[in-house]
Amino acid sequence: MECAGKGSGTRCLGPARKRCGSCGAVSYCSASHQISHWKVHREECERLERQMKNLDLLNDFPFTFSQESTVQISEKQESRCSFLRKRGIHQVGLWVCECHCGASVTSFGNSRLESDTWNLSNILCPCRGPSSPIAKALCSWKDYYEWRCIPLQSPVSLLLHWPLTVYHAIQLAGLGSLTSEISKLRIHYLGPEKELLQLAVFGELHAVFPGVFVRIELIGPAVPHHRDGDKIDLHSYAHCIEQDCDCRYKNENASCSIGHASSAVTLQLHRGYYHDRFLDISKDSLPHLVIAPNAGVAAYASWLPTIVCLQS
Ligand SMILES: [Zn+2]
Ligand SMILES: [Zn+2]
Ligand SMILES: [Zn+2]
Ligand SMILES: [Zn+2]
Ligand SMILES: [Zn+2]
(Lines give C-alpha, C1' and ligand atoms only; values in the text may rest on other atoms or scores of the structure.)
(Ligands and ions follow the chains in the order given, each with its own letter.)
Protein backbone atom coordinates (compact mmCIF):
# COMPACT_ATOMS: atom_id res chain seq x y z
CA MET A 1 0.00 0.00 0.00
CA GLU A 2 1.20 3.48 -0.79
CA CYS A 3 1.70 6.06 1.93
CA ALA A 4 -1.56 7.96 2.23
CA GLY A 5 0.42 11.10 3.05
CA LYS A 6 2.44 10.93 -0.15
CA GLY A 7 2.68 14.18 -2.00
CA SER A 8 1.80 16.28 1.01
CA GLY A 9 4.92 18.43 0.69
CA THR A 10 7.76 16.37 2.09
CA ARG A 11 9.05 13.16 0.55
CA CYS A 12 8.16 9.73 1.89
CA LEU A 13 10.75 8.18 4.18
CA GLY A 14 10.38 4.64 2.86
CA PRO A 15 7.66 2.04 2.46
CA ALA A 16 4.32 2.66 4.14
CA ARG A 17 4.44 0.23 7.03
CA LYS A 18 2.52 2.06 9.74
CA ARG A 19 -1.22 1.59 9.53
CA CYS A 20 -3.71 4.02 10.95
CA GLY A 21 -4.49 2.52 14.34
CA SER A 22 -8.18 3.30 14.18
CA CYS A 23 -9.34 2.25 10.76
CA GLY A 24 -6.38 0.17 9.59
CA ALA A 25 -7.36 1.09 6.05
CA VAL A 26 -4.53 3.50 5.26
CA SER A 27 -0.78 3.28 5.85
CA TYR A 28 2.01 5.78 6.29
CA CYS A 29 5.75 5.87 5.82
CA SER A 30 6.29 7.87 8.97
CA ALA A 31 4.63 9.46 11.95
CA SER A 32 5.11 12.88 10.43
CA HIS A 33 3.18 11.95 7.31
CA GLN A 34 0.46 10.44 9.43
CA ILE A 35 0.18 13.65 11.42
CA SER A 36 0.16 15.89 8.40
CA HIS A 37 -2.46 13.70 6.69
CA TRP A 38 -4.75 13.59 9.70
CA LYS A 39 -6.63 16.74 8.77
CA VAL A 40 -7.60 15.06 5.51
CA HIS A 41 -8.07 11.59 6.91
CA ARG A 42 -10.03 12.51 10.03
CA GLU A 43 -13.33 12.71 8.22
CA GLU A 44 -13.15 9.38 6.50
CA CYS A 45 -11.36 7.51 9.28
CA GLU A 46 -14.50 6.76 11.23
CA ARG A 47 -16.36 5.63 8.18
CA LEU A 48 -13.45 3.49 7.04
CA GLU A 49 -13.28 1.91 10.46
CA ARG A 50 -16.89 0.81 10.18
CA GLN A 51 -16.31 -0.41 6.66
CA MET A 52 -13.23 -2.45 7.50
CA LYS A 53 -15.12 -4.19 10.27
CA ASN A 54 -17.88 -4.95 7.84
CA LEU A 55 -15.55 -6.58 5.35
CA ASP A 56 -15.62 -9.72 7.49
CA LEU A 57 -19.35 -9.81 7.23
CA LEU A 58 -19.10 -10.19 3.49
CA ASN A 59 -18.24 -13.83 3.99
CA ASP A 60 -21.65 -14.21 5.52
CA PHE A 61 -23.44 -12.54 2.70
CA PRO A 62 -27.12 -13.15 3.23
CA PHE A 63 -28.38 -12.30 -0.23
CA THR A 64 -26.05 -14.41 -2.32
CA PHE A 65 -28.62 -17.07 -2.99
CA SER A 66 -31.85 -18.16 -1.50
CA GLN A 67 -31.93 -20.73 1.24
CA GLU A 68 -35.63 -21.07 0.90
CA SER A 69 -35.78 -21.83 -2.76
CA THR A 70 -32.54 -23.68 -3.27
CA VAL A 71 -32.71 -26.03 -0.33
CA GLN A 72 -34.60 -28.66 -2.26
CA ILE A 73 -32.20 -28.49 -5.16
CA SER A 74 -29.13 -28.77 -3.02
CA GLU A 75 -30.58 -31.77 -1.27
CA LYS A 76 -30.96 -33.30 -4.71
CA GLN A 77 -34.62 -33.87 -4.22
CA GLU A 78 -35.20 -32.48 -7.64
CA SER A 79 -33.26 -31.16 -10.55
CA ARG A 80 -33.08 -27.52 -11.40
CA CYS A 81 -35.31 -28.05 -14.41
CA SER A 82 -38.06 -29.82 -12.53
CA PHE A 83 -37.89 -27.20 -9.79
CA LEU A 84 -38.51 -24.53 -12.42
CA ARG A 85 -41.06 -26.61 -14.31
CA LYS A 86 -43.21 -27.17 -11.24
CA ARG A 87 -43.46 -23.44 -10.80
CA GLY A 88 -44.28 -22.78 -14.43
CA ILE A 89 -41.05 -20.91 -15.01
CA HIS A 90 -38.96 -23.39 -16.95
CA GLN A 91 -37.39 -21.79 -20.04
CA VAL A 92 -39.61 -18.71 -19.90
CA GLY A 93 -39.20 -15.04 -19.12
CA LEU A 94 -36.33 -14.06 -16.90
CA TRP A 95 -35.68 -17.70 -16.07
CA VAL A 96 -34.26 -18.98 -19.37
CA CYS A 97 -30.70 -19.00 -18.07
CA GLU A 98 -31.53 -20.70 -14.80
CA CYS A 99 -30.94 -24.18 -16.12
CA HIS A 100 -28.72 -25.61 -18.81
CA CYS A 101 -31.47 -26.47 -21.26
CA GLY A 102 -31.41 -23.28 -23.20
CA ALA A 103 -29.59 -20.03 -23.27
CA SER A 104 -26.12 -19.53 -21.97
CA VAL A 105 -24.29 -16.30 -21.51
CA THR A 106 -22.73 -16.80 -24.91
CA SER A 107 -26.10 -16.16 -26.50
CA PHE A 108 -26.42 -12.79 -24.80
CA GLY A 109 -27.33 -10.24 -27.40
CA ASN A 110 -29.94 -12.41 -28.97
CA SER A 111 -32.58 -9.87 -28.05
CA ARG A 112 -35.33 -12.46 -28.05
CA LEU A 113 -33.89 -13.70 -24.81
CA GLU A 114 -33.93 -10.44 -22.96
CA SER A 115 -37.05 -10.58 -20.95
CA ASP A 116 -38.69 -8.38 -18.38
CA THR A 117 -41.22 -10.83 -17.07
CA TRP A 118 -41.21 -13.02 -13.99
CA ASN A 119 -43.85 -15.25 -15.50
CA LEU A 120 -45.39 -15.60 -12.06
CA SER A 121 -48.65 -14.37 -10.57
CA ASN A 122 -48.42 -10.97 -8.90
CA ILE A 123 -48.76 -12.57 -5.48
CA LEU A 124 -45.46 -14.34 -6.00
CA CYS A 125 -43.30 -11.59 -7.47
CA PRO A 126 -42.48 -7.92 -6.79
CA CYS A 127 -43.94 -6.36 -9.94
CA ARG A 128 -45.07 -3.13 -8.28
CA GLY A 129 -43.68 -0.65 -5.77
CA PRO A 130 -43.55 -1.60 -2.10
CA SER A 131 -46.59 -0.86 0.03
CA SER A 132 -44.45 0.56 2.83
CA PRO A 133 -40.93 1.96 3.09
CA ILE A 134 -38.19 -0.24 4.50
CA ALA A 135 -38.54 0.05 8.27
CA LYS A 136 -35.13 -1.28 9.21
CA ALA A 137 -32.27 -2.45 7.04
CA LEU A 138 -33.02 -5.77 5.37
CA CYS A 139 -30.70 -8.48 6.63
CA SER A 140 -32.08 -11.68 5.19
CA TRP A 141 -34.36 -13.03 2.56
CA LYS A 142 -37.00 -13.40 5.24
CA ASP A 143 -36.84 -9.65 5.95
CA TYR A 144 -37.07 -8.98 2.28
CA TYR A 145 -39.99 -11.31 1.57
CA GLU A 146 -41.93 -9.99 4.54
CA TRP A 147 -41.39 -6.39 3.54
CA ARG A 148 -42.47 -7.11 -0.06
CA CYS A 149 -45.37 -9.29 1.10
CA ILE A 150 -44.21 -12.27 -0.93
CA PRO A 151 -44.61 -15.82 0.41
CA LEU A 152 -41.34 -17.56 1.22
CA GLN A 153 -41.89 -20.31 -1.32
CA SER A 154 -41.60 -17.81 -4.16
CA PRO A 155 -38.50 -18.51 -6.26
CA VAL A 156 -37.81 -14.81 -7.02
CA SER A 157 -34.81 -14.69 -4.71
CA LEU A 158 -32.93 -16.78 -7.27
CA LEU A 159 -32.86 -13.71 -9.49
CA LEU A 160 -33.18 -10.95 -6.93
CA HIS A 161 -29.87 -11.79 -5.39
CA TRP A 162 -28.29 -9.48 -8.01
CA PRO A 163 -29.99 -6.26 -6.92
CA LEU A 164 -30.07 -7.26 -3.26
CA THR A 165 -26.37 -7.96 -3.28
CA VAL A 166 -25.94 -4.38 -4.45
CA TYR A 167 -28.27 -3.21 -1.69
CA HIS A 168 -26.44 -5.18 0.95
CA ALA A 169 -23.00 -4.04 -0.20
CA ILE A 170 -24.18 -0.45 0.09
CA GLN A 171 -25.27 -1.11 3.67
CA LEU A 172 -21.96 -2.78 4.51
CA ALA A 173 -19.96 0.04 3.02
CA GLY A 174 -21.65 2.31 5.51
CA LEU A 175 -23.44 4.16 2.74
CA GLY A 176 -26.93 2.97 3.65
CA SER A 177 -27.85 5.94 5.75
CA LEU A 178 -26.28 8.29 3.25
CA THR A 179 -28.22 7.25 0.21
CA SER A 180 -30.83 9.89 0.92
CA GLU A 181 -28.12 12.57 0.76
CA ILE A 182 -26.46 11.21 -2.32
CA SER A 183 -28.49 12.41 -5.25
CA LYS A 184 -26.84 9.94 -7.56
CA LEU A 185 -25.49 6.64 -6.35
CA ARG A 186 -22.72 5.48 -8.68
CA ILE A 187 -21.77 1.83 -8.68
CA HIS A 188 -19.20 -0.10 -10.67
CA TYR A 189 -20.35 -3.66 -11.10
CA LEU A 190 -17.54 -5.90 -12.28
CA GLY A 191 -17.72 -9.16 -14.18
CA PRO A 192 -21.45 -9.50 -14.91
CA GLU A 193 -22.36 -12.83 -16.50
CA LYS A 194 -25.76 -14.44 -16.44
CA GLU A 195 -27.35 -11.31 -15.02
CA LEU A 196 -26.75 -9.62 -18.38
CA LEU A 197 -29.77 -11.59 -19.56
CA GLN A 198 -31.78 -10.68 -16.48
CA LEU A 199 -31.20 -6.94 -16.28
CA ALA A 200 -34.87 -6.22 -15.62
CA VAL A 201 -34.47 -7.57 -12.07
CA PHE A 202 -32.37 -4.51 -11.27
CA GLY A 203 -35.66 -2.60 -11.40
CA GLU A 204 -36.02 -3.72 -7.80
CA LEU A 205 -33.45 -1.05 -6.90
CA HIS A 206 -36.33 1.43 -7.19
CA ALA A 207 -37.86 -0.24 -4.17
CA VAL A 208 -34.76 -0.50 -1.99
CA PHE A 209 -33.39 2.97 -2.84
CA PRO A 210 -36.46 5.20 -3.04
CA GLY A 211 -35.67 8.75 -4.09
CA VAL A 212 -32.17 7.89 -5.26
CA PHE A 213 -30.79 8.01 -8.78
CA VAL A 214 -28.88 4.80 -9.14
CA ARG A 215 -26.35 4.54 -11.89
CA ILE A 216 -24.60 1.22 -12.44
CA GLU A 217 -21.74 0.61 -14.84
CA LEU A 218 -21.55 -3.09 -15.65
CA ILE A 219 -18.05 -3.86 -16.83
CA GLY A 220 -16.76 -7.21 -18.00
CA PRO A 221 -15.58 -9.40 -20.85
CA ALA A 222 -19.01 -11.11 -21.07
CA VAL A 223 -20.58 -7.92 -22.41
CA PRO A 224 -20.78 -8.54 -26.17
CA HIS A 225 -19.13 -6.14 -28.62
CA HIS A 226 -22.35 -4.84 -30.05
CA ARG A 227 -23.71 -3.97 -26.61
CA ASP A 228 -20.64 -2.04 -25.47
CA GLY A 229 -21.80 1.38 -24.31
CA ASP A 230 -25.51 0.51 -24.28
CA LYS A 231 -27.50 2.43 -21.73
CA ILE A 232 -30.62 0.90 -20.23
CA ASP A 233 -33.09 2.99 -18.27
CA LEU A 234 -35.19 0.79 -16.06
CA HIS A 235 -38.46 2.61 -15.57
CA SER A 236 -40.32 -0.18 -13.89
CA TYR A 237 -40.18 -3.46 -12.06
CA ALA A 238 -40.06 -6.75 -13.91
CA HIS A 239 -43.64 -7.74 -14.76
CA CYS A 240 -45.88 -10.47 -13.45
CA ILE A 241 -47.81 -12.79 -15.73
CA GLU A 242 -51.22 -11.19 -15.25
CA GLN A 243 -52.52 -9.13 -18.13
CA ASP A 244 -54.71 -6.87 -15.99
CA CYS A 245 -52.19 -6.13 -13.22
CA ASP A 246 -51.24 -2.49 -12.50
CA CYS A 247 -47.68 -3.27 -13.47
CA ARG A 248 -48.81 -3.41 -17.10
CA TYR A 249 -49.86 0.21 -17.15
CA LYS A 250 -47.53 3.19 -17.28
CA ASN A 251 -44.27 3.75 -15.47
CA GLU A 252 -45.95 5.12 -12.42
CA ASN A 253 -45.19 2.04 -10.37
CA ALA A 254 -41.46 2.61 -10.45
CA SER A 255 -41.51 6.26 -9.59
CA CYS A 256 -42.72 4.96 -6.32
CA SER A 257 -45.91 4.66 -4.47
CA ILE A 258 -44.29 5.82 -1.28
CA GLY A 259 -43.81 9.45 -0.42
CA HIS A 260 -43.73 10.54 -4.06
CA ALA A 261 -40.00 10.06 -3.97
CA SER A 262 -38.87 9.68 -7.53
CA SER A 263 -36.06 7.34 -8.29
CA ALA A 264 -34.26 6.26 -11.39
CA VAL A 265 -32.18 3.27 -12.27
CA THR A 266 -29.80 3.44 -15.20
CA LEU A 267 -27.47 0.69 -16.28
CA GLN A 268 -24.68 1.04 -18.76
CA LEU A 269 -22.75 -1.85 -20.30
CA HIS A 270 -19.02 -1.78 -20.93
CA ARG A 271 -17.09 -4.55 -22.57
CA GLY A 272 -13.61 -5.32 -21.30
CA TYR A 273 -11.63 -5.52 -18.11
CA TYR A 274 -11.98 -3.03 -15.33
CA HIS A 275 -8.36 -1.93 -15.32
CA ASP A 276 -8.63 -1.12 -19.02
CA ARG A 277 -11.94 0.69 -18.80
CA PHE A 278 -11.64 2.33 -15.40
CA LEU A 279 -10.19 5.70 -16.43
CA ASP A 280 -12.60 6.10 -19.28
CA ILE A 281 -15.66 5.21 -17.21
CA SER A 282 -14.66 7.27 -14.17
CA LYS A 283 -13.46 10.37 -15.95
CA ASP A 284 -16.40 12.46 -14.76
CA SER A 285 -16.87 11.02 -11.31
CA LEU A 286 -15.64 8.24 -9.09
CA PRO A 287 -18.01 5.49 -7.97
CA HIS A 288 -19.34 5.24 -4.43
CA LEU A 289 -19.01 1.49 -4.56
CA VAL A 290 -17.15 -1.09 -6.60
CA ILE A 291 -18.65 -4.56 -6.46
CA ALA A 292 -17.78 -7.87 -8.08
CA PRO A 293 -20.57 -10.27 -7.17
CA ASN A 294 -19.38 -13.14 -9.35
CA ALA A 295 -15.90 -13.08 -7.88
CA GLY A 296 -17.01 -14.54 -4.58
CA VAL A 297 -18.75 -11.32 -3.64
CA ALA A 298 -16.17 -8.67 -3.14
CA ALA A 299 -17.23 -5.17 -2.38
CA TYR A 300 -15.20 -2.11 -1.78
CA ALA A 301 -16.26 1.37 -1.12
CA SER A 302 -14.26 3.37 -3.52
CA TRP A 303 -11.86 5.12 -1.27
CA LEU A 304 -8.83 6.39 -3.00
CA PRO A 305 -6.45 3.69 -1.73
CA THR A 306 -8.73 1.03 -3.16
CA ILE A 307 -8.96 2.71 -6.50
CA VAL A 308 -5.21 3.13 -6.64
CA CYS A 309 -4.80 -0.52 -5.89
CA LEU A 310 -7.35 -1.60 -8.49
CA GLN A 311 -5.60 0.44 -11.11
CA SER A 312 -2.22 -1.09 -10.60
ZN1 LIG B 1 4.88 9.22 3.31
ZN1 LIG C 1 -6.49 9.15 4.23
ZN1 LIG D 1 -7.95 5.92 10.15
ZN1 LIG E 1 -34.10 -26.91 -17.98
ZN1 LIG F 1 -47.97 -7.24 -11.96
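Sequence positions, counted from 1, serve as the residue numbers for this chain. Predicted, not measured: the structure shown is a model, and the values here were computed from it.
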* Under 4.5 Å between any side-chain heavy atoms of Pro192 and Leu199, yes or no? -> no
* Asked: Should Val201 and Glu195 be marked as a side-chain contact (heavy atoms from CB on, under 4.5 Å) after you check the CA-CA gap, both sets of side-chain angles, and the distance that decides it?
  -> CA-CA 9 Å; Val201 301; Glu195 61 271 46; 6.0 Å; no
* To do: Please state whether the rings of Trp141 and Tyr144 are parallel, tilted or perpendicular, taking 30° and 60° as the class boundaries.
  => perpendicular
* Asked: Do the rings of His41 and His37 sit parallel, tilted or perpendicular, given the 30° and 60° boundaries?
  -> parallel
* Would you call the rings of Trp95 and Trp118 parallel, tilted or perpendicular if under 30° counts as parallel and over 60° as perpendicular? -> tilted
* Asked: Any side-chain heavy-atom pair from Leu124 and Pro151 closer than 4.5 angstrom?
  -> yes
* Asked: Heavy-atom distance under 4.5 Å between the side chains of Glu242 and Ser121, does that happen here?
  -> yes
* Structure fact -> Residues at least two apart in sequence or cross-chain that pass salt bridge (Lys or Arg N to Asp or Glu O under 4.0 Å) with Lys39, listed by chain then number, are none
* Close side-chain approach of Arg271 to Arg227, heavy-atom, < 4.5 Å -> no
* To do: Could you pull out the closest heavy-atom pair between Ser115 and Ala200, with the gap in Å?
  => O-CB, 3.7 Å
* Could you go through the side-chain contact (heavy atoms from CB on, under 4.5 Å) check for Val208 and Ile134 one step at a time? => CA-CA 7 Å; Val208 294; Ile134 298 175; 4.2 Å; yes
* To do: Provide the closest heavy-atom pair for Glu193 versus Ala222 in the form atom of the first, atom of the second, distance.
  => CA-CB, 4.4 Å
* Might you point out which heavy atoms bring Ile170 and Leu289 nearest each other, and give the distance in Å? => CD1-CD2, 3.9 Å
* In terms of the angle between their ring planes, are Tyr167 and Phe209 parallel, tilted or perpendicular, with boundaries placed at 30° and 60°? -> tilted
* **Residues in side-chain hydrogen bond (donor to acceptor under 3.5 Å, both in side chains) contact with Asp228, at least two apart in sequence or another chain** => Arg277
* Under the side-chain contact (heavy atoms from CB on, under 4.5 Å) criterion, do Asn122 and Asp246 qualify, and how do the steps go? -> CA-CA 10 Å; Asn122 59 10; Asp246 303 347; over 6 Å; no
* Asked: Any side-chain heavy atom of Leu13 sitting closer than 4.5 Å to one from His33?
  -> no
* To do: Tell me whether Tyr273 is reachable from Val290 by hopping between hydrophobic residues (I, L, V, M, F, W, Y) whose side-chain heavy atoms are closer than 4.5 Å.
  => no
* Side chain Tyr145, main chain Ser154, donor-acceptor under 3.5 Å -> yes
* Is there a side-chain contact between Glu204 and Trp162 (heavy atoms, below 4.5 Å)? -> no
* Any chance you could measure Lys18, atom NZ, to Ser27, atom OG, to the nearest 0.5 Å? => 11.0 Å
* Hey, any chance Leu152 and Phe83 share a hydrophobic cluster, counting ILVMFWY side chains that come within less than 4.5 Å of each other, even indirectly? -> yes
* Short N-O contact, Glu217 and Arg186, less than 4.0 angstrom -> no
* Hey, what's the ring geometry for Phe202 with Tyr189, parallel, tilted or perpendicular (30° and 60° as the breaks)? -> perpendicular
* To do: Could you grab the distance from atom NE2 of His188 to atom OG of Ser282, nearest 0.5 Å is fine?
  => 4.0 Å
* Student check: side-chain heavy atoms of Leu196 and Val223 closer than 4.5 Å -> yes
* Asked: Which pair of heavy atoms, one from Cys245 and one from Cys127, lies closest together, and at what distance?
  -> SG-SG, 3.7 Å
* Starting from the C-alpha separation in whole Å, work towards a yes-or-no answer on side-chain contact (heavy atoms from CB on, under 4.5 Å) for Leu197 and Val96. => CA-CA 9 Å; Leu197 286 158; Val96 285; 5.7 Å; no
* To do: Please report the shortest heavy-atom distance between Trp147 and Pro130, naming the atom on each side.
  => CZ2-CB, 3.5 Å
* To do: List in chain and number order the residues that pass side chain to side chain contact (heavy atoms under 4.5 Å, CB included) with Lys231, two or more places apart in sequence or in another chain; answer none if no residue qualifies.
  => Arg215, Thr266, Gln268
* Output yes when a side-chain donor or acceptor of Ser157 lies under 3.5 Å from a complementary backbone atom of Leu160, and no otherwise. => no
* Minimum heavy-atom separation for Arg87 to Pro155, with atom names? -> CD-CG, 4.0 Å
* **Donor-acceptor contact present, side-chain Arg248 to main-chain Gln243, <3.5 Å** => no
* Does Arg19 use its side chain to pair, donor to acceptor, with the backbone of Val26 at less than 3.5 Å? -> no
* Asked: So, the side chain of His206 versus the backbone of Gly129: is there a donor-acceptor pair under 3.5 Å, distance only?
  -> no
* Answer yes or no: is there a side-chain heavy-atom contact under 4.5 Å between Ile216 and Leu205? => yes
